[in-house]
Trainee: 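My questions all concern the structure below.
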Amino acid sequence: MKYYITTPIYYPSGKWHIGHCYTTIICDAIARFHRMKGEDVFFTTGTDEHGQKVEKEAAKRGVTPLAFITPLVDEIKEMWSLLDVSYDRFIRTTDPAHAECVQKIYQKLYDSGDIYKSEYEGYYCVPCESMWTEAQLVNGKCPDCGRAVERRKEESYFFRLSKYAPKILKHYGDNPEFLQPKSRVNEMVNNFLKEGLQDLSVSRTNVKWGVPLPFDERHTAYVWVDALINYLSVLGYLSADDSLFKKYWSANLHLMGKEIVRFHAIIWPAILMALGLPLPERNYGHGWLLIGGEKLSKSKETGSEELTDPYELVKRYGADAVRYFLLREIPFGSDGEYTNERFLLRVNADLANDFGNLVSRTEAMILQNFGCVPQRGKEEAVDKELIALANGTFAKVESAMEKLNAPDALSAIFALVSRANKYIDETTPWALAKDPAKKDRLGAVLYNLAEVVRMTAILLKPFLTKAPALVLKSLSQDENAGFEALQFGGLKGGEKVEKLEPLFPRIDVKKEMQAVAEFVRANRKKSEPKKTEKKQETMKKELITIDEFDKVEIRVGEVVACEKVAKSEKLLHETVRIGGEVRSVVSGIGKFYTPEEMVGKKVVVVTNLKPAKLCGVLSEGMILCAEDGEGNLSLVSPEKLMESGGSVR
RNA sequence: CGCGGGGUGGAGCAGCCAGGUAGCUCGUCGGGCUCAUAACCCGAAGGUCGCACGUUCGAAUCCUGCCCCCGCAACCA
């Protein structure tokens, strides 16, 4: 049986946090699970490297897009290797074979009439060089700069998405597995499919860094279509050698974060339908890791002291701990809170105290009393209960994993670990050891424990990549064993047992949390001065003339009213009197000043900055602040009492 | 009335679809044990299941209304 499983391909931003690892680690555990069942698994991941963002960043640095992006791709590959991600193929959208596949697919759809040329009508802001839809405009003006926009038509190629809406709806109905969890189906149906779909613009003329369309080189492929096609191109679809495609398509599982479900559940099936290909069996949109209720990327900006850097986490606690936390702690399908404390408590309680300690005490007693695995003995009622649980655990793990529910699978395994720890208390092997007449019973008890340890190690192999192999090796067992080795009784007795170092050293949570908080703070300080250095460098580079400086109009103003901008974190909305004029100004200083203390302050304002809307509030100027290396802000004000309206130069 | 998801002991979650003793993990407190990584085992305290109304012999679960949080969506000038 074959099993084709994919992660989305990632945009290599370089700012990695464990949220990024979440999808990939779950996929990896699922892939390993199926491999251990003896299935023919193909597991892919990769990077999404085209688009305007990359183009602009590269230009800023004066390098080619590919030269800019490649080190970042190497970084993500290193991260996957640190976390033992067992992908079979890594695809980059800049691989020539991928680009070729994209072109062939566009050509195919163009030939069949599913892609056609038309015009895209929108509102164009000339200074911003941006096209906006009617819904994006703010009071009919450009949402970026607040200036007037003009209605404009732009040539674009469209994909007949509209045609497929009814078919997709029907597919959802006929295949309840297709999109999970169920709540996502409601979201897609109610928000998009029910009202019918609009044809999708699938080409861009303003983005050069992309795959050029074969039938019109002035256009590049829309990045989302480009990216989705990776699931086919990685299998060699439409290439000279499409054996992988023949063998593995369609996908058994596309796993992704909930934010991109729309693309996978609507656009992707429509494209596949247009190509006449079978649809993926299952799409699953999982939840996010949150810090204080916010997405990780956001909370990073707002300065939380949680350690989220995967490299550092692996360095401190090991790949197994990071994998375990992600797989065990986050309720699958919904969002989950991340804190260092929860991470440490979870790892301590389960891996160190329960599992690691079980292995340690079992092997210690075997070595003290027998030196090798004892013979299987006569079974009493307690033994039978333990053995039955051990033999029944795989079925529970399998049924959880069929639902992709790693937390449930792991909790079934740890129920066995727990039962074994309790079994030790019930059978009191240390007491048996004191009575030579009970040597046989002692042997039987320790054999049962050794078996449970062996089986637990095998059960844990899809989830953890280091500890299970060590445990199996220490019992002289094949570390590559699959699930077929799970029947109780696998140990024959007499196997050499090797003393292990503690698998998961216990962490002093309080101390560690302090250390982590210090580390995060120190790291932030380290990275911030760099930013200011860079700023200074660019200042040096770009000398300006006095005339240019003269273009900036700066005046003294007085804050007459101030309030927090609703729904924003740092934005304050000030009403500033500048001479006879009163202006509305929004500034990002909410972390450092309260609205109350702002009122009455003399401030220095750039008054000829083009107006903009921030969080929907009009800002007609910029209040000047000094910023230190740590991002602390201080208002700049005239050193002697000055009338509002006075100019600054 | 935009659309979804959520509100359950101190923390994080399960239970809800198919009403009937409110469960799990962590934390707290007490006890046991000493093989083991001060780990393990047992017990206890702690909940008006967001609020209100209704259906029912009986509601965390079903109905209706409301409140709060989050995402889809403009944020650090």
Side-chain angles (χ1 to χ4, degrees), chain A residues 132 135-138 142-145 181-192 194-195 258-259 261-262 287-288 290 293-295 298 301-302 328-331 333-339 341-342 345-346 348-369 407-408 411 414-415 417-418 420-433 442 445-446 449 500-509 565 567-572 585-591 606 609-617 619 621-625 631 633:
Chain A
W132 305 99
Q136 286 174 311
L137 298 181
V138 177
C142 172
D144 258 11
C145 68
K182 241 191 185 150
S183 55
R184 311 269 177 250
V185 176
N186 299 335
E187 218 169 314
M188 292 304 120
V189 171
N190 288 331
N191 284 328
F192 306 105
K194 218 162 58 185
E195 311 146 28
K258 61 183 180 180
E259 74 282 6
V261 164
R262 219 180 94 208
W288 293 328
L290 307 174
E294 287 186 317
K295 291 176 76 168
K298 242 189 200 173
E301 289 162 20
T302 55
R328 172 64 232 256
E329 186 82 1
I330 312 303
S334 39
D335 299 347
E337 267 305 309
Y338 173 80
T339 65
E341 190 179 17
R342 289 184 65 164
L345 288 172
R346 178 55 84 180
N348 250 3
D350 295 0
L351 295 182
N353 297 351
D354 290 352
F355 178 60
N357 187 41
L358 173 67
V359 172
S360 171
R361 63 203 300 213
T362 299
E363 296 194 345
M365 285 191 283
I366 288 175
L367 285 171
Q368 281 160 27
N369 295 291
D408 274 7
S411 91
F414 276 81
V417 170
S418 238
N421 275 318
K422 186 173 170 176
Y423 175 82
I424 296 181
D425 250 59
E426 289 166 339
T427 53
T428 58
W430 56 89
L432 298 173
L442 176 64
V445 164
L446 293 181
L449 285 169
L500 283 173
E501 290 300 305
L503 291 167
F504 301 97
R506 202 180 144 72
I507 302 163
D508 184 329
V509 175
V565 175
K567 285 187 183 173
S568 78
E569 277 185 27
K570 306 185 191 172
L571 294 185
L572 294 183
V585 176
V586 179
S587 23
I589 55 175
K591 280 258 156 104
V606 178
L609 200 62
K610 66 183 177 184
K613 286 227 168 185
L614 299 179
C615 257
V617 181
S619 182
M622 171 165 96
I623 295 181
L624 296 185
C625 281
L633 297 180

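All heavy atoms count here, side chains included; hydrogens, waters and symmetry mates do not. Letters A, B, ... mirror the listed sequences (proteins, then strands); counts begin at 1. In this text, all values refer to a predicted model and were calculated from it rather than measured experimentally.
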Trainee: Quick one: pull up OG1 in A:Thr362 and CG in A:Leu367 and give me the separation to the nearest 0.5 Å.
Mentor: 11.0 Å
Trainee: What distance do A:Tyr423 atom OH and A:Leu358 atom CG have between them, rounded to the nearest 0.5 Å?
Mentor: 12.0 Å
Trainee: Check step by step if side chain to side chain contact (heavy atoms under 4.5 Å, CB included) holds for A:Met365 and A:Ile424.
Mentor: CA-CA 11 Å; A:Met365 285 191 283; A:Ile424 296 181; 4.2 Å; yes
Trainee: Provide a list of protein-nucleic acid N or O atom pairs under 3.5 angstrom, restricted to nucleotides 7-10 of chain B.
Mentor:
none

Trainee: Report the distance from atom NZ of A:Lys422 to atom C1' of B:C42, rounded to the nearest whole Å.
Mentor: 8 Å
Trainee: Could you work out, with side-chain hydrogen bond (donor to acceptor under 3.5 Å, both in side chains) as the rule, every residue matching A:Glu259, not counting sequence neighbours?
Mentor: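 With sequence neighbours excluded, A:Glu259 shows a side-chain hydrogen bond (donor to acceptor under 3.5 Å, both in side chains) to A:Trp288, given in chain and number order.
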Trainee: Under the rule for side-chain hydrogen bond (donor to acceptor under 3.5 Å, both in side chains), what residues qualify as partners of A:Asn421, not counting sequence neighbours?
Mentor: A:Arg361
Trainee: Pick the C1' atom in B:G65 and in B:A22, then give their distance to the nearest Å.
Mentor: 26 Å
Trainee: Which residues pass the side chain to side chain contact (heavy atoms under 4.5 Å, CB included) test with A:Asn353, not counting sequence neighbours?
Mentor: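 Listed in chain order: A:Arg506.
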Trainee: CZ of A:Phe414 versus C1' of B:U25: gap in Å, rounded?
Mentor: 13 Å
Trainee: Quick one: side chain to side chain contact (heavy atoms under 4.5 Å, CB included) partners of A:Leu500, sequence neighbours excluded?
Mentor: A:Val359, A:Glu363, A:Leu470, A:Val471, A:Ser474, A:Leu503
Trainee: Using the C1' atom in both, what is the distance from B:G4 to B:U48, to the nearest Å?
Mentor: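 The same atom, C1', in both gives a distance of 30 Å.
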Trainee: Give the rounded distance in Å between these two atoms: CG of A:Leu345 and C1' of B:A39.
Mentor: 15 Å
Trainee: Rounded to whole angstrom units, what separation is found between the CG atom of A:Leu500 and the P atom of B:A39?
Mentor: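 About 21 Å, once rounded to whole Å.
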Trainee: Give me the distance, rounded to whole Å, that separates B:C29 from B:A39 when you measure between the P atoms they each carry.
Mentor: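 It works out to 13 Å between them.
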Trainee: Under a 3.5 Å cut-off on both pairing distances, which runs of 3 or more consecutive Watson-Crick or G-U pairs involve RNA chain B?
Mentor: B:2-7 with B:67-72, B:10-13 with B:23-26, B:28-32 with B:40-44, B:50-52 with B:64-66
Trainee: For A:Ser418, check side chain to side chain contact (heavy atoms under 4.5 Å, CB included) against everything at least two apart and list the hits.
Mentor: none
Trainee: May I ask you to say what A:Asp354 touches in the nucleic acid, namely base, sugar-phosphate or nothing, with a heavy-atom cut-off under 4.0 Å?
Mentor: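 Counting heavy atoms under 4.0 Å across all strands, the contact made by A:Asp354 is with sugar-phosphate only.
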Trainee: Among all residues two or more places apart in sequence or in another chain, which pass the side chain to side chain contact (heavy atoms under 4.5 Å, CB included) test with A:Arg346?
Mentor: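 Scan of A:Arg346 (side chain to side chain contact (heavy atoms under 4.5 Å, CB included), adjacent residues dropped) gives A:Tyr324, A:Phe325, A:Arg328, A:Glu329, A:Asp350.
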Trainee: With rounding to whole Å, what would you report as the distance between B:A44 and B:G27 at their C1' atoms?
Mentor: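 Roughly 14 Å separates the two C1' atoms.
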Trainee: Between A:Trp430 and A:Leu442, is there a side-chain heavy-atom distance shorter than 4.5 Å?
Mentor: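 No, side chains not in contact.
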Trainee: Residues two or more places apart in sequence or in another chain: which of them pass salt bridge (Lys or Arg N to Asp or Glu O under 4.0 Å) with A:Glu341?
Mentor: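 Partners of A:Glu341 under the salt bridge (Lys or Arg N to Asp or Glu O under 4.0 Å) test: none.
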Trainee: Does A:Asp408 have any side-chain hydrogen bond (donor to acceptor under 3.5 Å, both in side chains) partners at least two apart in sequence or in another chain, and if so, which?
Mentor: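 Result, side-chain hydrogen bond (donor to acceptor under 3.5 Å, both in side chains) vs A:Asp408: A:Asn405.
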Trainee: Take nucleotides 29-38 of chain B nucleotide by nucleotide from the 5' end and write B, S or -, depending on whether a protein heavy atom sits under 4.0 Å from the base, only from the sugar-phosphate, or from neither.
Mentor: ---BSSBBB-
Trainee: I want to confirm an ordering. Mapping A:Ala349 and A:Arg262 to their closest nucleotides on RNA chain B, which one lands closer to the 5' end?
Mentor: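 Nearest nucleotide further toward 5': that of A:Ala349.
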Trainee: For B:A52 versus B:G20, give the span between their P atoms, rounded off to a whole number of Å.
Mentor: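 It works out to 22 Å between them.
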Trainee: How many whole angstroms separate atom CH2 of A:Trp288 from atom C1' of B:G6?
Mentor: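 The distance from CH2 of A:Trp288 to C1' of B:G6 comes to 14 Å, rounded to the nearest Å.
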Trainee: For the P atoms, the ones on B:C13 and on B:G6, what distance do you get once it is rounded to whole angstrom?
Mentor: 12 Å
Trainee: With RNA chain B as reference, determine whether A:Ser418 or A:Lys258 sits nearer its 5' end, using the nearest nucleotide of each.
Mentor: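 Of the two residues, A:Ser418 wins.
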Trainee: Rounded to the nearest Å, what distance is computed from the CZ atom of residue A:Arg346 to the P atom of nucleotide B:U25?
Mentor: 10 Å
Trainee: Rounding to the closest angstrom, what is the interatomic distance between B:C63 and B:U55 at atom P?
Mentor: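 It works out to 15 Å between them.
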Trainee: Between B:G7 and B:C16, how far is it from one C1' atom to the other, in whole Å?
Mentor: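 Approximately 14 Å lies between the C1' atom of B:G7 and that of B:C16.
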